[in-house]
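Have a look at the structure below, then the notes.
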Amino acid sequence: MNIKTLTQNPGSLVCDLLILPFFEHQTSLEPHMNQIDQALGGQITSVFAQKDFTGKRDNLLLLPIHGRLPAARLLLVGLGKRTLYDLETLRRAIGLATQHTKPRSVKDVAIFLPQSLSASLRPEDVGQAIIDALLTSRYVFTKFKKSQDKNEHPAPLSNVTILCSNPKNRSRLLRGALQGLAVAEAVNYTRDLSNHPGNLMTPQSLAQEARALAKSTRISCTVLGKKQIEKLGMGALLGVNQGSALPPEFIILEYRGKRTVTPYVLVGKGITFDSGGISIKPSRNMEEMKFDMAGAAAVLGIFKAANNMRLPVHLVGLIPATENLPSGSAIKPGDVVTALSGKTIEVINTDAEGRMILADALAYASRYKPKAVIDFATLAGAMVVALGPEYTGVFASSTTLMKRLQAASARSGEKVWPFPLPEGYKEQLKSHVADLKNVGNDGAGGGAITAALFLQEFVSYPWIHLDIAGTAWMTAERAGYAAGATGVGVRLMLEYLR
Ligand code: BES
Ligand code: ZN
Ligand code: ZN
């Protein structure tokens with residue numbers, strides 16, 4: 001795909017689709033807009049006058065052109081109130097514009113940026129937001145649909161042109177746009193991995209993906225198989241794996257964008273299917289539990305983008321991967337396992353498997369003497385109840401880390417909400433027979449918090465835990481973005497590391 005930023009008059013550009021953004025109740029048109037309006041015989045002024053289009057948030061209007069412009073289609077998009085305008089507004093407007101034009105064969109898209117759209121924001125951020133929104137809103141997962149419906153298989157974009165009125169912004173816009181391309185590709189890659197069904201995205205497939213990333217010279221990959229996992233003593237990961245016919249994998253990635261500095265370690269929950277095990281889940285929506293490796297997918301996506309963007313950081317990625325299934329050999333409630341750290345865990349509920357495999361990965365992380373460890377996990381159903389689909393719950397070992405993450409969240413558009421790690425709730429994890437039990441007290445509430453407190457027992461460094469149980473998957477399409485995996489975590493972490 002070709003990305004260009006030009007200062008050309010949008011009225012003279014040949015393309016399949018020209019997007020013109022407007023604020024609510026916009027009274028005057030910029031000179032370029034005026035020219036387009038004139039070429040169309042005053043159509044833009046008249047749709048405003050007749051209130052067929054008001055510029056309100058989510059307003060869309062496709063105007064007939066009848067050959068009066070070289071563009072094949074013209075789409076007016078509303079941004080809402082000028083005072084509320086931010087990058088998120090722009091991303092949303094582009095998402096809806098894409099959805100609106102999906103059935104049409106659109107390969108060359110241009111978007112005109114009036115002066116007012118980049119005045120209050122950094123041109124780099126605007127360029128990045130536009131390309132990111134364009135590519136992630138066009139994403140569909142159609143690998144297993146063999147029909148030829150164009151709606152389901154939109155043509156890939158060949159050209160995207162950002163037209164700006166201020167020539168000074170051109171190169172900065174382009175720089176941002178290229179970042180946006182790297183980010184969007186990584187987000188869509190992460191979505192692809194999570195959207196794959198459990199029979200085709202196994203622990204072994206995750207390991208294969210990691211090895212493929214390591215084809216780049218800056219990334220290296222080591223995968224520990226079952227024998228090595230046994231030798232190390234990862235009893236919690238092995239316990240969860242007991243019911244599966246497939247062996248576990250422990251995936252280690254390293255990206256060196258910078259020498260000799262202590263790394264950030266990124267840990268991703270890699271449960272390729274979570275049936276609950278012997279504490280089996282109800283069958284309703286159980287098929288969605290193929291996305292229980294969304295944390296692992298986010299880590300792989302972050303490595304992909306960090307490498308493409310040549311981020312000057314040192315990263316280590318750790319992915320404990322296994323299925324969670326019931327069988328005659330499966331782990332049972334009441335069983336006790338010894339984790340890598342030496343702590344013993346009494347399994348009360350085999351469906352609380354994410355914290356078990358993460359316990360071993362978090363203990364393993366300490367050998368890197370990390371600057372910080374950030375884990376991504378679809379950990380607790382209670383988090384879905386607490387925050388719903390738009391906010392990721394965050395736990396951090398210090399307020400400094402929490403603030404830094406919140407700043408990255410504001411820049412990336414991925415919303416987060418802080419949670420506490422209260423000492424007093426640790427009582428709930430006491431077991432009569434082992435050092436810890438794997439769930440809090442029945443009916444005590446705060447399930448996402450006790451899950452995080454369990455993880456904290458295995459942490460000995462600065463740490464952030466992101467519970468993406470509610471945000472990694474959308475049951476239905478939202479604001480032009482496809483249902484299914486969201487790729488959450490990738491944008492957030494790339495901003496954090498930048
Ligand atoms: N993978 C689930 C958490 C989950 C639930 C993610 C719903 C997304 C949507 C996790 O392994 C799990 O099953 N957790 C249990 C813990 C409980 C047994 C203490 C839960 O949340 O019910
Ligand atoms: Zn579970
Ligand atoms: Zn799970």
Side-chain angles (χ1 to χ4, degrees), residues 194-195 198 201 203 206 236-237 239-244 248 267-298 319-326 330-335 345-361 375-393 419 425 428-429 431 436-455 465-476 483-486 488-489:
S194 304
N195 279 329
M201 187 49 63
L206 282 177
L237 173 58
V240 173
N241 177 252
Q242 262 170 236
S244 170
V267 178
K269 172 175 170 181
I271 295 291
T272 58
F273 187 73
D274 183 11
S275 69
I278 295 296
S279 318
I280 199 160
K281 289 179 180 294
S283 36
R284 192 165 172 259
N285 295 338
M286 200 207 266
E287 72 284 357
E288 289 187 352
M289 279 302 139
K290 63 185 172 189
F291 92 113
D292 213 18
M293 37 56 77
I319 297 171
T322 175
E323 299 177 311
N324 184 24
L325 291 175
I331 197 166
K332 307 174 291 297
D335 286 2
I345 304 167
E346 182 191 8
V347 178
I348 301 296
N349 190 316
T350 63
D351 198 9
E353 84 299 338
R355 61 197 77 181
M356 309 243 313
I357 68 167
L358 288 175
D360 283 343
D375 78 69
F376 303 80
T378 45
L379 201 62
M383 186 54 87
V384 190
V385 178
L387 292 181
E390 289 192 26
Y391 285 80
T392 293
F419 275 73
Y425 288 23
Q428 292 191 43
L429 296 174
S431 157
L436 286 166
K437 58 187 171 80
N438 77 335
V439 297
N441 294 338
D442 201 17
I449 297 176
T450 44
L453 286 170
F454 179 91
L455 297 183
H465 159 54
L466 297 165
D467 192 332
I468 56 173
T471 48
W473 188 265
M474 299 198 300
T475 322
T486 60
V488 75

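We number each residue from 1, following the sequence as shown. First listed ligand is number 1; within each ligand, the first listed atom is number 1.
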Review point. How is the N/O/S atom of E353 that comes nearest to the Zn ion (ligand 2) named?
Key: OE1
Contact summary for [X] and [Y], nearest pair of heavy atoms:
| X | Y | value |
| --- | --- | --- |
| N324 | T350 | ND2-O, 3.2 Å |
| L237 | D360 | N-OD2, 2.9 Å |
| K290 | G198 | CB-N, 3.9 Å |
| F419 | L387 | CE1-CD1, 3.4 Å |
| F291 | A469 | CZ-O, 3.9 Å |
| G270 | A296 | CA-CB, 3.8 Å |

Which of the ligand 1 atoms, numbered from 1, are nearer than 4.0 Å to a heavy atom of [X]:
| X | value |
| --- | --- |
| D274 | 1 (N), 2 (C), 10 (C), 11 (O), 13 (O) |
| E353 | 11 (O) |
| V439 | 19 (C) |
| T378 | 1 (N), 2 (C), 3 (C), 6 (C) |

At a 4.0 Å cut-off, with the gap strictly under it, does some heavy atom of [X] reach an atom of ligand 1?
| X | value |
| --- | --- |
| G447 | no |
| R355 | yes |
| W473 | no |
| K269 | yes |

Identify the protein heavy atom lying closest to [atom], giving its residue, its atom name and the separation to 0.1 Å.
| atom | answer |
| --- | --- |
| atom 1 (N) of ligand 1 | D292 OD1, 2.9 Å |
| atom 22 (O) of ligand 1 | D351 OD2, 4.4 Å |
| atom 7 (C) of ligand 1 | M289 CE, 3.5 Å |
| atom 6 (C) of ligand 1 | A469 CB, 3.6 Å |
| atom 10 (C) of ligand 1 | L379 O, 3.3 Å |

Exercise for review: Report yes or no: does D351 have an N/O/S atom closer than 2.8 Å to the Zn ion (ligand 2)?
Suggested key: yes
Check your understanding: When you measure from atom 21 (O) of ligand 1 to each heavy atom in G381, A382, G354, which option holds the nearest one?
Key -> G381
Check your understanding: D274: which N/O/S atom is nearest the Zn ion (ligand 3)?
Key -> OD2
Point to revise | Atom of D292 nearest the Zn ion (ligand 3) (restricted to N/O/S, atom name only) | key: OD2
Review point. Within a radius of less than 6.0 Å around CG of N285, do more than 12 heavy atoms belonging to other residues, nucleotides or ligands occur?
Key: yes
Check your understanding: Is the distance from the Zn ion (ligand 3) to some N, O or S atom of K269 under 2.8 Å?
Key -> yes
Any side-chain to backbone donor/acceptor pair from [X] onto [Y]? Under 3.5 Å, distance only.
| X | Y | value |
| --- | --- | --- |
| Q428 | N441 | yes |
| T392 | L466 | no |
| N438 | A352 | yes |

**Study point:** Test item: side-chain donor near acceptor, D351 and S279, under 3.5 Å
**Key:** no
Review point. In Å, rounded to the nearest 0.5 Å, how long is the span from NZ of K281 to OG of S275?
Key: 8.5 Å
Point to revise | ligand 1 versus K281: contacting region, heavy-atom distance under 4.0 Å | key: side chain
Review point. With a 4.0 Å heavy-atom cut-off (strictly under), which part of F454 contacts ligand 1: side chain, backbone, both or neither?
Key: neither
Exercise for review: Run through D274, D292, D467 and flag the one making a side-chain hydrogen bond (donor to acceptor under 3.5 Å, both in side chains) with K269.
Suggested key: D292
Exercise for review: Compute the shortest N/O to N/O distance between N349 and ligand 1 and return yes if it is under 3.5 Å, no if not.
Suggested key: no
